[in-house]
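Each remark here refers to the structure printed beneath this line.
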Amino acid sequence: MEKVGILIEVKADQIKKANYGVITAARGRDRQLYAFLLDGGRADHKLTLGRYGIHKIIEIAGQEGPLEWNPATWAQAVIEAMEYFGIRTLLGLTSSQGKDLLPRIAARLDAPLVMDCIHLNLAEHTVRKPQYSGKTIATLKVQGGHCIYGVRPNAIAAQPAPCEAETVIYRTAPAPAGLTVKAIKQAMSAGVDLSEAEIIIAGGRGMENGENFKILFECAALMGAAVGASRAAVDADWVPYAMQVGQTGVTVSPKVYIACGISGSVQHFAGMKTAGLIVAINQDLTAAIIGKCDYAIVADLFEIVPRLTRKLQALDGRI
Amino acid sequence: MQIYVCVKHVPDTAAKITVKAPNQIEEAITFIMNPYDENAIEEAVRIKKRRGDAEVIAVTLGKPAAENTLRSALAMGADRGILILTEDPPDSLVTARALTVAIEQDGTPDIIFTGKESIDNAGFQTMYRLAAALDMTVVSNVAAFALEGKRVVVECQMEGGARGVIELSLPCVIGAGKGLNKPSYPTLPAIMQARRKEVKRIALDSLRIEKPSARADILELKPAVEARRAQQLKGSAEEVVRQLIRILREEARVIE
Ligand SMILES: Cc1cc2nc3c(=O)[nH]c(=O)nc-3n(C[C@H](O)[C@H](O)[C@H](O)COP(=O)(O)OP(=O)(O)OC[C@H]3O[C@@H](n4cnc5c(N)ncnc54)[C@H](O)[C@@H]3O)c2cc1C
Ligand SMILES: Nc1ncnc2c1ncn2[C@@H]1O[C@H](COP(=O)(O)O)[C@@H](O)[C@H]1O
């Protein structure tokens, strides 16, 4: 029986939805799935994780209590747990946290690592991932004593496969890491996280100023969407860099991406081209995005977005 | 103090990528310095300007044409360069080993800067491998950096725009993010001067890197298919919004 470890991400005691796609990708015949959790065990995830086919939940903790966030100690703790349970294959998300933990683990184990996988065949050790900012798809084969994979959030659809999950607490005392987390500064706009959002509504130069982004935030709040931006909007200091989607910003893969006043440069597309559905609101019929989206609305965004918000409000009232 | 900066020669983001069988791309296109590596060089040069005692060495592994990126780094203010030459760029494991050995043979790094990711193959891992091999601490996606004596304090980008404030000891590896600084573009005299700066050339083979048993090989590269067929929603603003709501609800099923 092959054991496969999955690094699970938790936010506010909830399993992030994007994890279920990773679990789905990890499943296979004669495979036992181990979920690694380092959230401090405040909530019981047996039912939620069991629904997707996790056999064992490994709560990794320190000797006295939860391990405080520190990427180096967390990585070390996961390595120790992998060793203890005899796990040689590890999957996680290509999220902010995954990008900090998976390569740390791979580097320490001298294991091959492929981040941003959009397709995995664990039996064959092959994966597919976008390269050259999404212009090509590469198939890679990995070999090694351990193999580590980062999955692009939302790239693999989650499918339930219920089983009975069992929780095990694994205590460890990782050595000091030479790295101290002094503080975590929360962002001002603590909305839905861009890289895992199901819907993103993004604004570009067409928004005209930072103040106008308010109309996107209002609309987003009603849909449970995250708000993104093009580099033009970020460079103009209308919104923070953390909101930039694209080549040199965040890569996103939502079910729906609504681009408002964004021309559709290759660099912007590099960050959102794997979205399920792309809707463009742009008043210029010749803008590149009009030909590269699924649905084009050739109109003034200030006519469309507030109307969309009002319609969503009306719907909300009806439910 | 010695500051090493790893810079990679990558295709321009706007370039058209054509696949040559089976796992190579047509390289008669514009290449640039990996964008995040510009932030890495900029930060290193700023430290040098503040402290006076720092030497900045740019290191790249690539084909002979990668010298152009090395020269850009020199024009931005690096003192000298190391060019590890190969016709067949290796995977992340071997790349990191080669960079490690070349740096170790050259000097004693106090800080190694890299970009947070290479935009061609998006490995997200070279800095961590350098740190593991050299037994250094490492933080990537760094948006603010301060060096105070032997102490380094950085801010790294976390989920949803949050920032982690992290203190680490020297020597360390830092993966530069876009928000770290605004690279200043070189002046013409700086570009001219860069042509005369020293570049050490090393053949990858001469580094005698032991082939790791762990590896990640590209079997195949395929152009991504752009399968979207754009459809225009027509009618008054009111009608268009109604159609959009229907699409969100019935087709994408993201709203109720
Ligand atoms: C190395 C490199 C990396 C880059 N990385 C990124 C990146 O990560 N992300 C990114 O986004 N860009 C990136 N860029 C920049 C990119 O090339 C474009 O310059 C940028 O995406 C343009 O942003 P925009 O579409 O908002 O602006 P514009 O191209 O100016 O487009 C604005 C659009 O808004 C429309 N518009 C204006 N008013 C309205 C209105 N009232 N209603 C409807 N439509 C309206 C216009 O018709 C136009 O199409 C990068 C560039 C380089 C060189
Ligand atoms: N061939 C290379 N030569 C020099 N530096 C490199 C090379 N490959 C990767 N790097 C450095 O490592 C960083 C991360 O790359 P990657 O791990 O491929 O995402 C880059 O931003 C560079 O600073």
Side-chain angles (χ1 to χ4, degrees), chain A residues 96 99 103-104 106-108 110-116 131-144 178-187 190 193 198-199 223 240-242 247-248 255-256 266-267 276-277 290-299 303-304 307-308 311 319, chain B residues 11 13-14 17 19 25 35 93 119-125 128-129 131-132 137 139-141 157-169 178-179 212-224 226 228 230-233 237-238 240-241 244-245 247-248 251-252 254-256:
Chain A
S96 297
K99 284 183 206 164
R104 272 181 204 277
R108 287 272 161 216
D110 204 14
L113 161 74
V114 186
M115 295 294 277
D116 231 2
Q131 287 192 334
Y132 301 101
S133 43
K135 288 173 211 159
T136 66
I137 306 293
T139 304
L140 288 100
K141 184 174 182 78
V142 299
Q143 293 171 57
L179 186 157
T180 324
V181 179
K182 291 280 166 195
I184 293 172
K185 296 197 213 164
Q186 291 303 335
D193 190 44
E198 288 205 333
I199 315 176
M223 298 188 288
Y241 167 69
Q247 174 81 76
T248 45
K255 286 188 180 152
V256 178
V266 264
Q267 292 93 353
L277 207 71
I290 299 295
K292 298 201 286 186
C293 66
D294 298 287
Y295 292 105
I297 298 175
V298 184
E303 289 281 315
I304 303 295
R307 268 204 176 72
L308 176 60
K311 272 245 151 52
I319 294 165
Chain B
T13 51
I17 302 291
V19 176
I25 61 157
L93 290 120
I119 62 163
D120 52 354
N121 56 14
F124 295 101
Q125 53 191 268
Y128 295 98
R129 293 195 190 276
T137 50
V139 181
S140 192
N141 206 356
Q157 291 277 6
M158 294 172 67
E159 180 181 309
R163 285 184 175 198
V165 182
I166 294 179
E167 185 182 315
L168 56 166
S169 50
K178 204 69 210 159
S213 55
R215 50 197 289 166
D217 299 307
I218 299 180
L219 297 184
E220 187 188 38
L221 214 49
K222 272 197 171 150
E226 311 253 353
R228 294 183 202 276
Q231 189 182 328
Q232 196 177 327
L233 303 184
E238 201 60 31
V240 164
V241 169
L244 179 56
I245 297 259
I247 289 163
L248 295 177
E251 191 174 333
V254 287
I255 60 169
E256 300 200 352

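Lettering follows sequence order; numbering is per chain, from 1.
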Is there a side-chain contact between B:Val165 and A:Lys185 (heavy atoms, below 4.5 Å)?
-> yes
Interatomic spacing from CG in B:Leu244 to CD in B:Glu251 - rounded to 0.5 Å = 10.5 Å
Min side-chain heavy-atom separation B:Ile247-B:Gln231 under 4.5 Å = no
Is there a side-chain contact between B:Met158 and B:Arg163, using heavy atoms and a 4.5 Å cut-off?
-> no
Identify which of B:Ala14, B:Ser169, B:Gly164 forms the greatest number of heavy-atom pairs closer than 4.5 Å to chain A.
-> B:Ala14
When heavy-atom pairs shorter than 4.5 Å are enumerated against chain B, which of A:Ile290, A:Ile184, A:Val298, A:Val256 gives the highest number?
-> A:Ile184
Chain A contact via B:Leu221 - which portion, at a heavy-atom distance below 4.5 Å | both
Interface moiety of B:Thr137 toward chain A, non-hydrogen atoms closer than 4.5 Å | side chain
Main-chain N/O of B:Thr13 paired to A:Lys135 side chain as donor or acceptor, under 3.5 Å | yes
Taking atom NZ of A:Lys141 as the centre, does the number of heavy atoms from other residues, nucleotides or ligands within less than 6.0 Å exceed 12?
-> yes
Side chain, backbone, both or neither: which part of A:Tyr241 has a non-hydrogen atom closer than 4.5 Å to chain B?
-> side chain
B:Leu219 versus chain A, the contacting section by heavy-atom distance below 4.5 Å | both
In chain order, what residues pass the side-chain contact (heavy atoms from CB on, under 4.5 Å) check against A:Val142, with sequence neighbours excluded?
-> A:Pro112, A:Val114, A:His125, A:Cys147, A:Tyr149, B:Ala216
Top contributor to chain A interface from B:Gln232, B:Gln125, B:Glu159, B:Lys222 [non-hydrogen pairs under 4.5 Å] = B:Glu159
Side chain proximity check, B:Val240 to A:Arg307, heavy atoms < 4.5 angstrom | no
Sort out for me which of B:Ala131, B:Ala214, B:Ala252, B:Gly123 touches chain A most, counting heavy-atom pairs under 4.5 Å.
-> B:Ala214
Where on A:Thr136 is there a heavy atom nearer than 4.5 Å to chain B: the side chain, the backbone, both, or neither?
-> both
Side chain, backbone, both or neither: which part of A:Ala183 has a heavy atom under 4.5 Å from chain B?
-> both
When only pairs under 4.5 Å are counted, which of A:Ala296, A:Ala242, A:Ser96 shares the most heavy-atom pairs with chain B?
-> A:Ala296
Kindly write out the residues that satisfy side-chain contact (heavy atoms from CB on, under 4.5 Å) with B:Asp120, not counting sequence neighbours, or none if the list is empty.
-> A:Tyr132, B:Lys8, B:Val10, B:Pro11, B:Ser118
Select one option (side chain, backbone, both, neither) describing which atoms of B:Val19 are under 4.5 Å from chain A's heavy atoms.
-> side chain
Examine whether an atom of B:Ile218 lies under 4.5 Å from a heavy atom of chain A, and if so say whether it belongs to the side chain, the backbone or both; otherwise answer neither.
-> both
Turns out that what part of A:Gln247 lies under 4.5 Å from chain B's heavy atoms comes down to both
Measure the spacing between CG of A:Asp116 and CZ of B:Phe124 and express it to the nearest 0.5 Å.
-> 5.5 Å
Among A:Lys292, A:Met223, A:Arg104, A:Lys99, single out the residue with the greatest number of heavy-atom pairs under 4.5 Å to chain B.
-> A:Arg104
With respect to chain B, which residue among A:Gly178, A:Gly144, A:Ser133 yields the maximal number of heavy-atom pairs within a distance under 4.5 Å?
-> A:Gly178
What part of B:Glu238 gets closer than 4.5 Å to chain A, counting heavy atoms only: side chain, backbone, both or neither?
-> both
Side chain, backbone, both or neither of A:Ile199 within contact of chain B (heavy atoms, under 4.5 Å) | side chain
Can we say A:Asp294 and B:Arg228 salt-bridge, meaning some charged N sits less than 4.0 Å from an Asp/Glu carboxylate O?
-> yes
